[in-house]
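Contents: one structure, followed by commentary.
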Amino acid sequence: MEEEKNLLYAVARRMNWFVERLCALLVGIMVVVIWFGVIERYFLHLGFTWTEEFSRYIMIWAALLAVSCGAFYREHIGLDIVKRFLPGKGGRILQIGLDLVSLGFFIFLAWYGMGMAKAGLGQYATIFGITMVVPFAAVPVSSSLTAFQIFVAMFRSTGPSANGMSTE
Amino acid sequence: MIIVLFTFFFFILIGLPIGVTLGVAGVIGLVQIGGENFLMMAPKRYFEGLDLFTFMAMPFFILAGEIMNRSGITTKLAAFADALVGYLRGGLAHSNMIASVLFAGMTGAAVADTAAFGNTLVPAMVKKGYTRPFSCAVTVAGSIIGPTIPPSNLMVIYGSLMGVSIAGLFAAGILPGLLICALCMGVIALLGKRLNLPKSDERFSLLRIFWAFKSSFLAILMPGIILGGILFGIVTPTEAAAIAVFYALFISVVIYRALTFNDIVEMLIRTARITGIVFLIIASASILSWWMTFMQIPQKIAAFFLFLSSDPNVIIALILSLLLAVGMFMDINAALIILAPVLGPLTKTIGMDPVHAGIMIVLALNISLMTPPVGACLFVMSSVTGERIEKISYSLIPFLVVEVAVLFLVAFWDDLTLFIPRLIM
């Protein structure tokens, strides 16, 4: 219960709440765009070609943002054999070590992703004439968010329930 | 190269999330080949690894499955399966298998199936007098049927990466999937007397089948719509998946009136979260696989295999052994992304049809999820039901033997997979 009062945790939870709904919206848009693409091809014949590229970039944004939700719920799967045999303090230290590696990876992606996004300023997508910054930014933005969620999760003793979700 | 391999196995074993492990190993590989200059490749590959239109089929199939599940359509399908075979000795075990076939249209991942069915079907079987290990084994064995019968996310990944027709893969998976179901039911029938499996009081009744069929007819139609649309070239696999979402929504909201707006938001969130988990693995695996391509590792492995033997049959057997072992310690999406570029060209060298090779690889990876001692499906089943892995594994042996036999049949008899694709394409 103490964790509920923790400011950092409260921020992380709010942020995750918001990101989840944003992802839901993006997935919804993605579905509708593809429906529209099919209807357009068979019935409207408007000659639109942007649906494919547009939905692809939406998918990348949605999926990468959702990676941070996975970090919030600690849902990213790994083998837990060693953790099972290391209860108590040993397991806790191992978990912190693993979190630090994950944290490092996403900070790295955020940093170099920023470079990639900047380089995208001069490139243009074929649709709407937008620069590639818009899709490329998904990598640094989502990686920063994920790094933040991992950082906060390190201070939690128990994670929020993941609703028994399991996936592969 | 050794450092990259060491990093990979070390972090996997101590429990770093697989999506992060692949990325870290990939980045270390990049540093090794070109120092800092190559590090820019990491975010680029991370992005490009996801930038494939066909990948969108995966979240759509997940969403369609969520909708079907939430609206109670899966329960209707289970009732239909029960009406068909429930009256036999071991009826619930049989209908568990049939349900796996019927659910195939709305699931795409064996581990997810195991978790879902472990929560529902296993307790139901135990309640009817089946032993818990046997119930778990039947469910685990059935969980690979879904991802073998289309649609299947692994086939989407393989087809997208290797430029093989996804429609062709979908068509080719039908017969092997049905064969696995039939043979597993054969195993249940054979074991029925020996294990003294419960017999239900229900009698065979055409009327009951008719009613169950009628109430689940619209759901049974869904796989047909998906496959028909793709196979007859009306829509692409991605579009077919989006249409599956539309269809599931339509029958859930308009016909069964089972969904509210909040339900839909919740399902979209769950879909995004599952997609995030799978796509992190795909994105990170693309970093590692770029490093492998740069180091020409696929060519080296192929050369090694061909050095061991030039007999195609021996090479196929080697490939199968490798794949069956891989799923023991690795997520199979990741395994597919890393191994497809290695094994695809190799199977081509020995003259295999790309669709045939794809099905063989996908099926082998699916089966690898349940090979003792550490298959992921076994772990999930064990943690969901609380049953010990050793006990589940022991009960699983007859099913595993049958499924590996089907795998070898698929590998060495190409007509089994290619019959349907040839017929309709």
Side-chain angles (χ1 to χ4, degrees), chain A residues 20-21 23-28 30-31 34-35 37-38 52-53 55-57 59-60 62-70 73 75-83 94-95 97-98 101-102 104-106 108-109 112-117 119 135-136 138-140 143 163-168, chain B residues 11-21 23-24 27 39-40 42-44 46-47 50-53 55-56 59-60 63 109-112 114-115 119 235 238-239 241-243 245-246 265-266 268-280 283 329 331-333 369 374 376 380 384:
Chain A
E20 277 186 343
R21 270 133 198 96
C23 288
L25 180 70
L26 291 175
V27 173
M30 209 162 90
V31 177
I34 299 298
W35 288 347
V38 176
E52 181 179 325
E53 197 174 9
S55 53
R56 224 167 52 218
Y57 294 149
M59 166 180 77
I60 293 173
L64 290 184
L65 283 176
V67 170
S68 76
C69 304
Y73 292 106
E75 276 173 343
H76 292 292
I77 37 179
L79 283 186
D80 61 349
I81 303 177
V82 177
K83 281 180 222 164
L94 175 68
Q95 186 58 55
L98 293 177
V101 176
S102 301
F105 176 65
F106 283 105
F108 161 83
L109 270 184
Y112 279 87
M114 214 113 75
M116 174 179 74
F136 282 164
V139 177
S143 301
N163 307 334
M165 245 185 38
S166 177
T167 165
E168 187 70 357
Chain B
F11 280 131
I12 285 253
L13 286 175
I14 64 168
L16 190 69
I18 179 101
V20 180
T21 307
V24 171
V27 170
L39 287 182
M40 268 303 281
K44 200 163 179 296
Y46 188 78
F47 180 89
L50 300 180
D51 196 12
L52 280 171
F53 183 64
F55 277 177
M56 215 177 296
F60 289 169
L63 180 58
V111 178
T114 307
N119 270 326
V235 286
T238 307
E239 290 170 347
I243 289 171
V245 171
F246 178 81
V265 172
E266 228 170 87
L268 286 171
I269 290 177
R270 271 180 66 89
T271 302
R273 269 165 61 185
I274 298 175
T275 308
I277 293 168
V278 178
F279 277 34
L280 169 65
F329 55 85
D331 173 82
I332 57 174
N333 295 301
L369 286 174
V374 282
V380 170
V384 167

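Letters A, B, ... mirror the listed sequences (proteins, then strands); counts begin at 1.
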Out of curiosity, [X] [atom1] to [Y] [atom2], how far, rounded to the nearest 0.5 Å?
X        : Y        : atom1 : atom2 : result
A:Leu98  : B:Ile14  : CG    : CD1   : 5.0 Å
A:Phe105 : B:Tyr46  : CZ    : OH    : 6.0 Å
A:Tyr73  : B:Ile277 : OH    : CD1   : 11.0 Å
B:Thr275 : A:Met30  : OG1   : CE    : 6.5 Å
A:Glu20  : B:Leu268 : CD    : CG    : 11.5 Å
B:Asp51  : A:Met59  : CG    : CE    : 7.0 Å

Item to complete: Could you pull out all residues at least two apart from B:Phe246 that satisfy side chain to side chain contact (heavy atoms under 4.5 Å, CB included)?
Response: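 Per chain and number, B:Phe246 pairs via side chain to side chain contact (heavy atoms under 4.5 Å, CB included) with A:Trp35.
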Worksheet item: For A:Met116, which residues count as a side chain to side chain contact (heavy atoms under 4.5 Å, CB included) partner, sequence neighbours excluded?
Response: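 Partners of A:Met116 by the side chain to side chain contact (heavy atoms under 4.5 Å, CB included) criterion, ordered by chain and then number, come out as A:Phe136, A:Val139, B:Met40, B:Pro43, B:Lys44, B:Phe47.
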Worksheet item: Yes or no on side-chain contact (heavy atoms from CB on, under 4.5 Å) for A:Val31 and B:Phe60, after CA distance, side-chain angles and deciding distance?
Response: CA-CA 7 Å; A:Val31 177; B:Phe60 289 169; 3.4 Å; yes
Discussion item. For the interface with chain A, which of B:Leu63, B:Leu39, B:Leu52, B:Val235 has the highest count of heavy-atom pairs at distances below 4.5 Å?
Written reply: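 With the most close heavy-atom pairs to chain A, the winner is B:Leu39.
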So for [X], is it side chain, backbone, both, or neither that comes closer than 4.5 Å to the heavy atoms of chain B?
X        : answer
A:Pro135 : both
A:Tyr112 : both
A:Ser55  : both

Worksheet item: Is the shortest heavy-atom distance from the side chain of B:Val20 to the side chain of A:Phe106 under 4.5 Å?
Response: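 Sidechains of A:Phe106 and B:Val20: in contact.
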